[in-house]
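Quick note: residue numbers are just sequence positions, from 1.
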Amino acid sequence: MDQNRNNPNQNDPKGKRPKANIWITLIITVAIILIISFVYNAFVDSQYTETTYSEFMDTWQNGQLHEVELHYDRVYYLTKEEAAKPAGQQKACFTGLPNGDILALAEKLDAENIKVNQAIVEDNSGIIMILYYVFGFAMIFFVMSRLSKRMSGDGMMGGLGKSKAKVYMEKQTGVTFKDVAGQDEAKESLQEIIDFLHNPQKYTEIGAKLPKGALLVGSPGTGKTLLAKAVAGEAGVPFFSMSGSDFEEMFVGLGASRVRDLFQQAAKVAPCIVFIDEIDAVGHTRDARFSTNDQTLNQLLGEIDGFDSSKGIVILAATNRPEILDKALLRPGRFDRRITVDRPNLQGRLDTLKVHTRKIKLAEDVDLQKIAQATAGAVGADLANLVNEAALRAVRQGRKLVTQEDLLVSFETVIAGAEKKNTVLTDTEKRMVAYHEVGHALISALEKHAAPVTKITIVPHTEGALGYTLYLPEEEKFLSTKDELLAKLRSLLGGRAAESMVFGTVTTGASNDIQQATGLARNMVALYGMSDELGLMATATVRSQYLEGEAHLDCSQETAAKVDAVVQKLLDEAYAAAKQLLTENRSLLDEISEYLLLKETITGDDLMRFVNAEKNPPAEEITEEVSEE
């Protein structure tokens with residue numbers, strides 16, 4: 001798409017720079033020439049000591065002259081005392097030469113064996129001097145004019161305060177609501193703004209005013225910028241796009257200048273949409289310490305208050321840290337609406353996958369419903385990357401169609417990385433990894449409230465996993481019960497329990513499992529109120545919920561120590577329960593682990609055939625197959 005950057009001379013119909021700028025450049029050039037000449041002459045003169053002609057004659061008569069150079073109006077001479085010094089420390093003298101016979105003076109000096117030089121005077125020396133100044137003037141003038149043209153449309157340094165916004169004219173964003181899927185609620189909230197830009201009289205007749213701004217809030221990759229472009233594409237109006245960090249510079253006041261310039265440009269082409277991405281870079285909460293960022297924010301607040309919304313200027317801003325924004329920025333009359341761009345649900349992920357696969361050649365076996373079901377929690381950017389990775393895999397394998405396997409492998413690659421084909425584990429390590437992964441999977445299969453297993457592998461991957469167990473929920477859930485969380489705790493600790501029970505030792509392979517289990521147990525106690533000891537008291541708060549979303553304790557040291565004790569108790573109970581469950585099913589654990597060692601990768605169906613051996617005869621055939629091999 002074409003991006004039309006602002007022309008610094010857009011106010012001049014002929015595109016010519018103002019005459020005032022040329023005169024300023026001319027004056028500066030002359031000043032530079034004079035300064036250079038003055039500095040050069042001062043430097044040259046500092047190399048010599050000016051004396052009187054009498055002092056020159058006294059030096060000559062005393063036999064102290066070492067070398068003389070005659071010019072048409074002066075005499076340069078070096079005494080024997082100075083000549084005895086190193087070349088870098090010698091300093092010559094000069095004096096004026098009275099009108100007389102220079103040739104006779106040279107003959108007298110030569111007769112006394114004094115070295116005499118006569119400066120050669122070129123006939124065109126005056127012309128050369130003129131050319132020297134003209135050439136120097138032209139070069140400096142050219143450099144200054146180019147610098148002025150690049151940096152400014154309104155003066156020598158005015159360009160630093162110009163807005164860096166990218167401008168997309170009507171329908172040039174190339175994005176409409178058809179390109180945005182999984183965000184139906186956000187699109188519905190923005191539809192009214194589009195209708196106002198199309199039919200402003202319908203609202204002004206009743207006295208309604210267009211909301212001045214809307215703040216798009218959501219996790220990274222959910223499509224906030226894409227949604228803003230789609231609004232401009234649907235409305236068919238110019239779209240100014242700028243990042244919050246573009247307002248900041250090392251020079252004080254330039255941020256405020258760029259804010260002013262941005263709104264001046266928007267007012268000229270209204271109706272239009274101004275989009276400020278990552279507005280938290282310039283709009284974070286002010287404090288007692290004044291900074292240049294505060295000046296920029298003050299200017300932004302003033303500009304939002306100053307423009308008339310009836311002209312059709314709409315401000316859209318995006319952030320994933322709304323909690324740090326200044327309260328003055330969020331009040332009604334500035335950003336009137338706050339639109340949450342959340343992670344898509346199952347149907348939203350399916351629609352997003354359909355959008356990203358429109359130009360991808362898919363095989364007949366592709367089932368996007370299953371991919372959407374497997375990618376719970378993924379955002380639009382994740383799904384776009386998944387589809388692209390699947391297409392690249394198909395090309396690498398010499399196929400012209402993307403298969404279901406390509407999509408599933410790409411999904412697993414995002415989770416655990418690519419397979420490490422050159423990593424060779426010892427037999428003991430492979431056996432430990434197999435029992436560890438089967439420990440996870442078997443507990444999930446035996447637990448009533450656990451998510452079903454879809455794949456178990458002991459093939460090392462680039463993300464550091466020597467193996468992993470992949471779960472695929474049967475349905476999308478938005479709430480988790482205490483029983484489900486406890487089942488997940490037992491499943492997370494099942495790998496460590498299997499290691500300890502079978503090998504009588506533990507390994508470093510459970511480090512990530514322990515971290516996840518500890519985090520889950522802490523959330524159960526501090527956030528969800530699922531402990532008898534602390535009851536319904538919340539001892540932690542979630543900060544930056546759209547980023548890492550980590551919980552931070554917000555309680556006294558005594559209460560924090562009690563939280564730690566309750567978390568430890570939950571983990572110990574979950575570990576004991578997992579170990580007991582595996583002990584009761586030790587033969588099943590051994591059979592599945594041996595089968596996994598043989599195959600290296602098995603599916604959830606293979607796992608369940610062992611678990612349901614009494615009800616499903618084919619499980620016996622699998623056991624016999626393992627024994628024979």
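By the 4.5 Å heavy-atom criterion applied to side chains, Glu573 and Leu489 are not counted as neighbours. Using a 4.5 Å cut-off on side-chain heavy atoms (C-beta onward), Arg586 and Met501 make contact. Within the 4.5 Å cutoff, the side chain of Thr222 has no heavy atoms near those of the Asp342 side chain. Counting only heavy atoms from C-beta outward, the side chains of Thr352 and Val379 never approach each other to under 4.5 Å. Looking only at side-chain heavy atoms (C-beta outward), Tyr575 and Ser500 come within less than 4.5 Å of each other. Between Pro460 and Leu425, the closest side-chain pair of non-hydrogen atoms falls below 4.5 Å. Looking at heavy atoms from C-beta onward, Phe478 lies in side-chain contact with Asn345 at the 4.5 angstrom threshold.
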**Q.** Trace of the side chain to side chain donor-acceptor pair (under 3.5 Å) decision for Ser491 with Tyr471
**A.** CA-CA 11 Å; Ser491 177; Tyr471 300 89; 3.0 Å; yes

Q | Worked check of side chain to side chain contact (heavy atoms under 4.5 Å, CB included) between Thr357 and Val402 | A | CA-CA 10 Å; Thr357 55; Val402 175; over 6 Å; no

Q: Given side chain to side chain contact (heavy atoms under 4.5 Å, CB included), test Thr505 with Met432 step by step and report yes or no.
A: CA-CA 10 Å; Thr505 186; Met432 284 184 170; 4.1 Å; yes

(Q) Run Leu392 and Val395 through side chain to side chain contact (heavy atoms under 4.5 Å, CB included) and show every step you take. (A) CA-CA 5 Å; Leu392 293 175; Val395 173; 5.7 Å; no

Q: Using the side chain to side chain donor-acceptor pair (under 3.5 Å) rule, take Asp572 and Gln568 through it: C-alpha gap first, then chi angles, then the decisive distance, then the call.
A: CA-CA 6 Å; Asp572 291 341; Gln568 183 66 58; 2.9 Å; yes

Q.
Determine whether Glu192 and Leu190 satisfy the following criterion, side chain to side chain contact (heavy atoms under 4.5 Å, CB included), listing intermediate values before the conclusion.
A. CA-CA 5 Å; Glu192 190 174 64; Leu190 293 168; over 6 Å; no

Q: Check the pair Thr559 / Ser556 against side chain to side chain donor-acceptor pair (under 3.5 Å), numbers first and verdict last.
A: CA-CA 5 Å; Thr559 305; Ser556 64; 3.0 Å; yes

Q | Trace of the side chain to side chain donor-acceptor pair (under 3.5 Å) decision for Glu437 with Thr469 | A | CA-CA 6 Å; Glu437 297 303 332; Thr469 302; 2.9 Å; yes

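Counting non-hydrogen atoms of neighbouring residues, nucleotides and ligands closer than 6.0 angstrom, the NZ atom of Lys488 reaches no more than 12 such neighbours.
At distances below 3.5 Å, not a single donor-acceptor pair connects side-chain atoms of Arg490 with backbone N or O atoms of Ala578. With Lys224 contributing its side chain and Gly218 its backbone, the two residues share a donor-acceptor pair below 3.5 Å. Formation of a donor-acceptor pair under 3.5 Å by the Glu533 side chain with backbone atoms of Lys562 is not found in this model. Of the possible donor and acceptor atoms, none in the side chain of Lys455 sits under 3.5 Å from a partner among the backbone N and O of Glu412. Remark: side-chain polar atoms of Gln183 are not paired, donor with acceptor, to backbone N or O of Gly223 under 3.5 angstrom. One N or O on the side chain of Thr285 and one on the backbone of Ile324 form a donor-acceptor pair closer than 3.5 Å. The main-chain N or O of Val459 is found under 3.5 Å from a side-chain atom of Thr457 such that the two form a donor-acceptor pair. At distances below 3.5 Å, not a single donor-acceptor pair connects side-chain atoms of Arg399 with backbone N or O atoms of Ala394.
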What donor-acceptor contacts under 3.5 angstrom involve side-chain atoms of residues 365-373, with partners at least two apart or in another chain?
from, atom 1, to, atom 2, distance (Å)
Asp367, OD1, Gln369, N, 3.1
Gln373, NE2, Pro473, O, 2.9
Gln373, NE2, Glu474, O, 2.7

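Contacts classified as ring-ring contact (aromatic ring centres under 6.0 Å, His included) and involving residues 495-516 (residues at least two apart or in different chains) are given here: Tyr435-Phe503.
Ionic pairing of Arg431 and Glu594 is present here: one or more N-O contacts between side-chain nitrogen and carboxylate oxygen are shorter than 4.0 angstrom. Ion pairing between Arg609 and Asp606 holds under the 4.0 Å rule for side-chain N and carboxylate O.
Smallest separation of non-hydrogen atoms from Asp513 and His440: OD2-NE2, 2.9 Å.
Side chains of Thr541 and Asp554: a donor-acceptor N/O pair is absent below 3.5 angstrom, by distance only.
Qualifying salt bridge (charged side-chain N to carboxylate O under 4.0 Å, His left out) partners for Arg358, counting only residues two or more places apart in sequence or in other chains: Asp179.
For the atom pair CD1 of Ile279 and CG of Asn320, the computed distance is 12.5 Å after rounding to the nearest 0.5 Å.
Under the side-chain hydrogen bond (donor to acceptor under 3.5 Å, both in side chains) test applied with Asp406, the options Arg393, Gln397, Arg396 reduce to a single match, Arg393.
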